[in-house]
Amino acid sequence: MEETTNFIEEAINADLAEGKVSAVHTRFPPEPNGYLHIGHCKALTIDFGTARKYNGLCNLRMDDTNPAKEDTEYVDAIMEDIHWLGFDWDDRFFYGSDYFEKDYEFAVELIKKGLAYVCELTPDQFREYRGDLTHPAISPFRDRPIEENLDLFARMRNGEFPEGKYTLRAKIDLASGNFCMRDPVLYRIKYVEHHRQGTKWCIFPMYDFAHPIQDALEGVTHSLCSLEYEIHRPLYNWVVDNVSVPCKPRQIEFARLNMTYTVMSKRFLRGLVESGKVDGWDDPRMPTLCGLRRRGYTPASILDFCNRIGVAKSDSIVDISLFEHRIREELNETAARRVAVLHPIRVVVENYPEDKTEYFDLPNNPKDENAGTRKVAFTKELYIDAEDFSLDPPPKFFRLKPDGEVRLMGAYIVKYKSCKQDENGNVTEITVTADLESGCGNPTDGRKVKGTIHWVSASDSIESDVCLYDRLFTIENTGAIPEGKTFDDYINPASAVVLHGCRLEKALADAKVGEKFQFVRTGYFTKDSKRDAFLRIVELKDNKPF
RNA sequence: UGCGGAAUUGUGUAAUGGCAGCACGACAGACUCUGACUCUGUUUGUGAGGGUUCAAAUCCUUCUUCCGCAGCCA
């Protein structure tokens, strides 16, 4: 495969060439407050993939500096998902919270250098004093003597003050056009139990302070993150320049993934779970890795997608069809075919013996001869899909129609004879005659039969409900839900539709949860119905595929 | 209005002064015992103006549009 160099690699190449670094070391730093989704996958392939490309290392680090939002529940899930994708961090698994003691020492160092001070503005005052686009901020406590700062900061740690009473702030530039340089908060007081540290700490470092220190302490050379941190880079550099860390990592930003019909916002994904709109984080309609896994996506298809979308700095929205293309391509080569008649309509083969059963061999996968064949029973009474028959066919309708002939896939050619209708005009039963002479070979008289339709035996099949999953959202033009809207405004009512009384071929009765199949469907494919060409069994209901 | 970014076809992404290419999508045709798959073909693009140059997506310049930032979130 052709290898192109993206802008991150160019920057790394330059650092290598100039001798700034001798090897590449990256990190993937999820906050354990939710499950990984397809958007994280892009970051994952960039972080782990770049390290791999340069024979370097990539650490996994739980970014857990805010005890109010994080939970141990997510840590295991995150690790499992990363492993599932095929990435590994060896023994370099860290928690941001493991550095709390170091963070504290570096904060003291800043105070001693006169570069940080304890501020007692309340959150409301803080907002009031921060200035605006053209006016600088005001901070009445930035000239507090060093000794006093040291004392106050130690007492903050000791739990002598209530939440919100004091913060530690960096002394940088109150007039900066970049707001995160206007004496940013470094530490805040929080009396919340930390998922790993318990109640050991009541002051917690902010991301902007903790992250560069974590990177530097771990020997990370390139800290790759998404575009919204670009404006934080000056602060990132300020931190590594002003505390005694062993190295100075370089932050490089890239555009996060947006995809049509998909919402990446963790906040909304959690909302879907908590409101019961979906069954859980691993609902097959969710863009989470565990959801995609249940839906039938494979690590290879996801990784390949991530490599294909490229890395750039411009905001973009990838069309979901590119994502779906990958899994369709893979499953087309690997998934076994099974027949599912979703809207059954009874067919009687008039000239076929009442009590006879024949078994035809159907290929499990026409793409792969090694996949073998399976026996499918043929009897006098069959089911075909309602949409494979039309009393009043449009032009170019190749399926069963009055006076028409079609091939029953893998079995006989049948000719239409008559049909029964109910009082509403719905077709309830079709009578056909089979060309028993031609059998399952080509017509003996050389005539062409254009259409092929799928079918199952009426007696030798199983009846089941089948759940069809579709895109969860109708939202098309963005990766996030606009301000003032909720997912209710965009949720696709047909995202999970249960079809009752479907008929499935017998071989599906033995299917296990998680097995992948293509449910063979013949007939006309639209752009949307192509997506349905590959389904998979995600549940067994009453021991039947669901 | 301050600061930081970004603009290449319907979408995403290459081309780092030298034939604007690739993938997905769309459309047309061929093939087909899945109207799938496969194969062939087609269409559409450098945000705008000016400049430098034999030559500009690329360099300079002016403009336009879009995105992000004023959490004691990450």
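Quick caveat, the model's predicted, so the values are computed rather than measured. Letters A, B, ... mirror the listed sequences (proteins, then strands); counts begin at 1.
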### Query
Is a donor-acceptor contact shorter than 3.5 angstrom present between the side chain of A/His232 and the base of B/rA74?
yes
### Query
Who is the Watson-Crick or G-U wobble partner of B/rC27, with both distances under 3.5 Å?
B/rG41
### Message
Mind checking if A/Arg407 touches a base, just sugar-phosphate, or nothing, with heavy atoms under 4.0 Å?
### Response
base
### Task
State whether A/Tyr95 and A/Arg196 meet the cation-pi test: NZ (Lys) or CZ (Arg) under 6.0 Å from the six-membered ring centroid, and within 45° of the perpendicular axis.
yes
### Task
Look at the aromatic rings of A/Tyr74 and A/Tyr35 and report parallel, tilted or perpendicular, splitting at 30° and 60°.
perpendicular
### Message
Whether the side chain of A/His343 engages the backbone of A/Ala386 through a donor-acceptor N/O pair (distance < 3.5 Å, no angle test) should be reported.
### Response
no
### Task
Give a yes/no answer on whether the side chain of A/Lys190 brings an N or O atom under 4.0 Å of OP1 or OP2 in B/rC73.
yes
### Query
Within the structure shown, what part of the strands sits under 4.0 Å from A/Val449 by heavy-atom distance: base, sugar-phosphate, or nothing?
nothing
### Task
Select base, sugar-phosphate, or nothing to describe what A/Tyr229 touches, counting heavy atoms under 4.0 Å on all strands.
base
### Query
Can a donor-acceptor pair be found between the side chains of A/Thr522 and A/His454 at a distance below 3.5 Å?
yes
### Task
May I ask you to verify if any side-chain N or O of A/His325 is less than 4.0 angstrom from the OP1 or OP2 atom of B/rC24?
yes
### Message
Check whether A/Tyr104 forms a cation-pi arrangement with A/Arg157 (NZ or CZ under 6.0 Å from the six-membered ring centre, at most 45° off the ring normal).
### Response
yes
### Pairwise P distance, B/rC22 and B/rU62 [rounded to whole Å]
36 Å
### Query
Considering only the P atoms, how many Å lie between B/rA36 and B/rA30, rounded to the nearest integer?
12 Å
### Query
Within the structure shown, what part of the strands sits under 4.0 Å from A/Ile309 by heavy-atom distance: base, sugar-phosphate, or nothing?
sugar-phosphate
### Query
Would one find a side-chain N or O of A/Ser176 under 4.0 angstrom from OP1 or OP2 of B/rG2?
no
### Query
Reckon A/Lys313 touches a base, only the sugar-phosphate, or nothing at all at heavy-atom distances under 4.0 Å?
sugar-phosphate
### Query
What nucleic acid atoms does A/Ile413 come within less than 4.0 Å of, heavy atoms only: base, sugar-phosphate, or nothing?
nothing
## Note on the structure
When rounded to whole Å, the CD to P distance for the pair A/Glu228 and B/rA6 reads 16 Å
### Query
Can you tell me how far P of B/rC72 sits from CD1 of A/Ile189, to the nearest Å?
14 Å
### Task
Hey, can you tell me if A/Phe389 and A/Tyr416 have their rings parallel, tilted or perpendicular (30° and 60° cut-offs)?
parallel
### Query
Once you round it to whole Å, what is the distance between P of B/rG68 and CG of A/Leu133?
15 Å
### Query
If you look at every strand shown and take non-hydrogen atoms under 4.0 Å, does A/Pro234 touch a base, only sugar-phosphate, or nothing?
nothing
### Query
Is the shortest side-chain N/O distance from A/Arg188 to OP1 or OP2 of B/rC73 below 4.0 Å?
yes
### Message
Measuring to OP1 and OP2 of B/rU34, would you say a side-chain N or O of A/Arg399 lies under 4.0 angstrom away?
### Response
no
### Task
Determine the contact category for A/Met181: base if any of its heavy atoms lies under 4.0 Å from a base atom, sugar-phosphate if only primed atoms, P, OP1 or OP2 are that close, otherwise nothing.
nothing
### Message
If I pick the C1' atom on B/rU8 and the same atom on B/rA48, what distance separates them, to the nearest angstrom?
### Response
15 Å
### Message
Categorize A/Thr167 for me: base, sugar-phosphate, or nothing, with a 4.0 angstrom heavy-atom threshold over every strand shown.
### Response
base
### Task
Looking at every strand, decide which applies to A/Glu10 at a 4.0 Å heavy-atom threshold: base, sugar-phosphate, or nothing.
base
### Query
Are A/Thr122 and B/rC72 close enough that a side-chain N or O sits under 4.0 Å from OP1 or OP2?
no
